Protein chains: 2
Amino acid sequence: MFVRMPGKMTTTVESNSSAPHSAREKLLTAAVELFRTNGYDATSLDDICRSAGVTKGALFHHFAGKQAIAAACLEAWSETMANMVATAPFNELEDPVERVLGWIDFFSGALSRPETIKSCLAGTIVQEVSESNPALRDAAHGCIANGERRFQTLLDEACADRERQLDTASLARLWSASLQGSLLLYKATRDPAVFADSLGHVYRYIESLFSE
Amino acid sequence: MFVRMPGKMTTTVESNSSAPHSAREKLLTAAVELFRTNGYDATSLDDICRSAGVTKGALFHHFAGKQAIAAACLEAWSETMANMVATAPFNELEDPVERVLGWIDFFSGALSRPETIKSCLAGTIVQEVSESNPALRDAAHGCIANGERRFQTLLDEACADRERQLDTASLARLWSASLQGSLLLYKATRDPAVFADSLGHVYRYIESLFSE
DNA sequence: ACAAACATACCAACTGGTCGGTATGTTGTC
DNA sequence: GACAACATACCGACCAGTTGGTATGTTTGT
């Protein structure tokens, strides 16, 4: 009895709408926060279930295992980030260079607010599983690459507008590295000033590349 | 069969070198490498003992527990790094600004070599234990702060020479963040080019602050 | 129209293995 | 024979994953 059904299984992407507060949603929300704050290894499935207010049975009904729920979290995280920058005010700016600088300000400002959880799910996970779990590593890498691509698009538009030829790919990497590095430094120092410090220099550097 | 430490040893905390191949040294060496590559949680004490070729009894004879051996690793790591930059060729440069740029080149070059393990013990550990283990977090923070201070000294000398007034503390933080961020990006991408990419921009930014 | 057959969503209890740590034994040296 | 420097064997806690079950739909043959 209770045959695990073959065939369809709805193939993941029912992400939007459907049940508002199903166990699945509650598990994802809880898992994202726990993974972000405590890391992958240090977060047990029991922790997630307790925080979500459901049981292990529910978790294993919706996800194949720990890796699977982490992968789902990463996908949700990527969407959350995409949505966040898509609706951010800097998009309204007309000048493409201002939009680039506005992007940096947006993140710098958000991370300086006390209530913001200062952790990137992808960065947190990838450091732990880089050697041990290629599937999760690639999923986290995808998240980061998505963010880089979005910023690079802004940079390309600014280059086109100012008729500059910049290596926008490596600049986007500088952005990613500085952001992830700032988050790591925050975890060491607990000093929110790291964001304004480091990202401020990146701001002025990129600004200088478009001025002169 | 096994040559025991000659005579002295005695006074417990003899962190420095030269001791042939005592179990303590072997444990530290093995632990540093395992923690760097696999992280804190994912490295078990059995892993360390197996890699060092000793037993758990030896480990608990020399260290009070996992946190203690990790703390000892961090102290050893800080010394290793200090020694590494102290003996690096860029110190011979006469121009203080060249020495600053030489520091960046030194790290960028070292990390671009294939045989280098692309991981900072302090950065790896601090991300995992930031919320759960304040003692280890502070120890790792100390490592990072030491590196920052050393770089800031170089920056201060360059400022004095060129009669510039720069916020060298925040510049040192930019360096730390970019380095740690690059290491994290490498763990995601496995692309050694991240170092030349990101650190190259930091190089040119700092260079520009001293030129003009 | 209706019930058998099946599918979905969840739950509580358990299992097998791992891990940090301990208790105790053995060996070489002063 | 006291002590440092190990080794061996083991324990309790925890954790990912399993098992077997309940309750509520949803489809389908007649």
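The structure displayed is predicted, hence computed values, not measured ones. Below, read A as the first sequence line, B as the second, and so on, with proteins coming before strands; counting in each chain starts at 1.
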Within this structure, what is the [atom1]-to-[atom2] distance between [X] and [N], rounded to whole angstrom?
X: K26(B); N: dA5(D); atom1: NZ; atom2: P; result: 14 Å
X: Q67(B); N: dG20(C); atom1: CD; atom2: C1'; result: 13 Å
X: I69(A); N: dC15(D); atom1: CD1; atom2: C1'; result: 15 Å
X: E25(B); N: dC6(D); atom1: CD; atom2: P; result: 11 Å
X: F60(B); N: dC10(D); atom1: CZ; atom2: P; result: 18 Å
X: K56(A); N: dC14(C); atom1: NZ; atom2: P; result: 13 Å
X: L34(A); N: dC15(D); atom1: CG; atom2: C1'; result: 15 Å

Rounded to the nearest 0.5 Å, what's the gap from CD on Q180(A) to CD1 on I144(A)? Could you check?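 Between Q180(A) CD and I144(A) CD1, I get 5.0 Å after rounding to 0.5 Å.
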Return the residues of residues 39-53 of chain A meeting this criterion: a heavy atom under 4.0 Å from some atom of DNA chain D. Order them by number, or give none.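 Heavy-atom contacts with DNA chain D come from T43(A), S44(A), L45(A).
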DNA chain D contacts among residues 126-139 of chain B, heavy-atom distance under 4.0 Å: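 Of all residues in residues 126-139 of chain B, none places a heavy atom under 4.0 Å from DNA chain D.
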Charged N-O contact under 4.0 Å between E131(A) and R190(B):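 R190(B) and E131(A): salt-bridged.
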Is the shortest distance from a Lys or Arg side-chain nitrogen in R173(B) or D191(A) to a carboxylate oxygen in the other one below 4.0 Å?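 Here R173(B) pairs with D191(A) in a salt bridge, since their nearest N and O are under 4.0 Å apart.
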In terms of the angle between their ring planes, are W103(A) and F151(A) parallel, tilted or perpendicular, with boundaries placed at 30° and 60°?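 Plane angle between 30° and 60°, so tilted.
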Is there a donor and acceptor pair, one atom on the side chain of K66(A) and one on the base of dG17(D), closer than 3.5 Å?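 Counting by modelled atom types and ignoring angles, no donor-acceptor contact under 3.5 Å is found here.
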Let me see the working for S178(B) and L199(B) under side-chain contact (heavy atoms from CB on, under 4.5 Å), right down to the final yes or no. CA-CA 7 Å; S178(B) 304; L199(B) 301 185; 4.0 Å; yes
Looking for any heavy atom pair under 4.0 Å, which part of the strands does G65(B) touch: base, sugar-phosphate only, or nothing?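 Result for G65(B) = sugar-phosphate.
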Short heteroatom pairs, N/O only, protein and nucleotides 24-26 of chain D, under 3.5 Å:
none

Pick from L136(B), I69(B), V32(B), D138(B): which one makes a side-chain contact (heavy atoms from CB on, under 4.5 Å) with L74(B)?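 Single pass found, and it is L136(B).
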From the options dC10(C), dC6(D), dT18(D), select the nucleotide whose nearest atom is closest to the side chain of A58(B).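 Among the listed nucleotides, the one closest to the side chain of A58(B) is dC6(D).
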Please check: side-chain N/O of R137(B) versus main-chain N/O of V126(B), any donor-acceptor pairing under 3.5 Å?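 Answer holds: no.
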Would you say the side-chain atoms of S170(A) pair up with the backbone N or O of D197(B), donor to acceptor, closer than 3.5 Å?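 Side chain of S170(A) to backbone of D197(B): no pair is present.
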Answer yes or no: is there a side-chain heavy-atom contact under 4.5 Å between C143(B) and L121(B)?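 Side-chain contact under 4.5 Å: no.
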Just so I know, are the side chains of Y205(A) and H201(B) near enough to count as touching, which here means a heavy-atom distance under 4.5 Å?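 Touching, per the 4.5 Å side-chain cut-off.
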Would K118(B) count as a cation-pi partner of F195(B), with NZ or CZ less than 6.0 Å from the six-membered ring centre and within 45° of the ring normal?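 No, a cation-pi geometry is absent between K118(B) and F195(B).
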State whether H61(A) places a side-chain N or O below 4.0 Å from either non-bridging phosphate oxygen (OP1 or OP2) of dA9(C).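 Yes, because at least one side-chain N or O of H61(A) sits under 4.0 Å from OP1 or OP2 of dA9(C).
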dC6(D), OP1 or OP2 - any side-chain N/O from H62(B) closer than 4.0 Å?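 Yes, H62(B) has a side-chain N/O under 4.0 Å of OP1/OP2 on dC6(D).
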Between D105(B) and S108(B), do the side chains contain an N or O donor and an N or O acceptor separated by less than 3.5 Å?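 No, because no side-chain N or O of D105(B) sits under 3.5 Å from a partner of the opposite role on S108(B).
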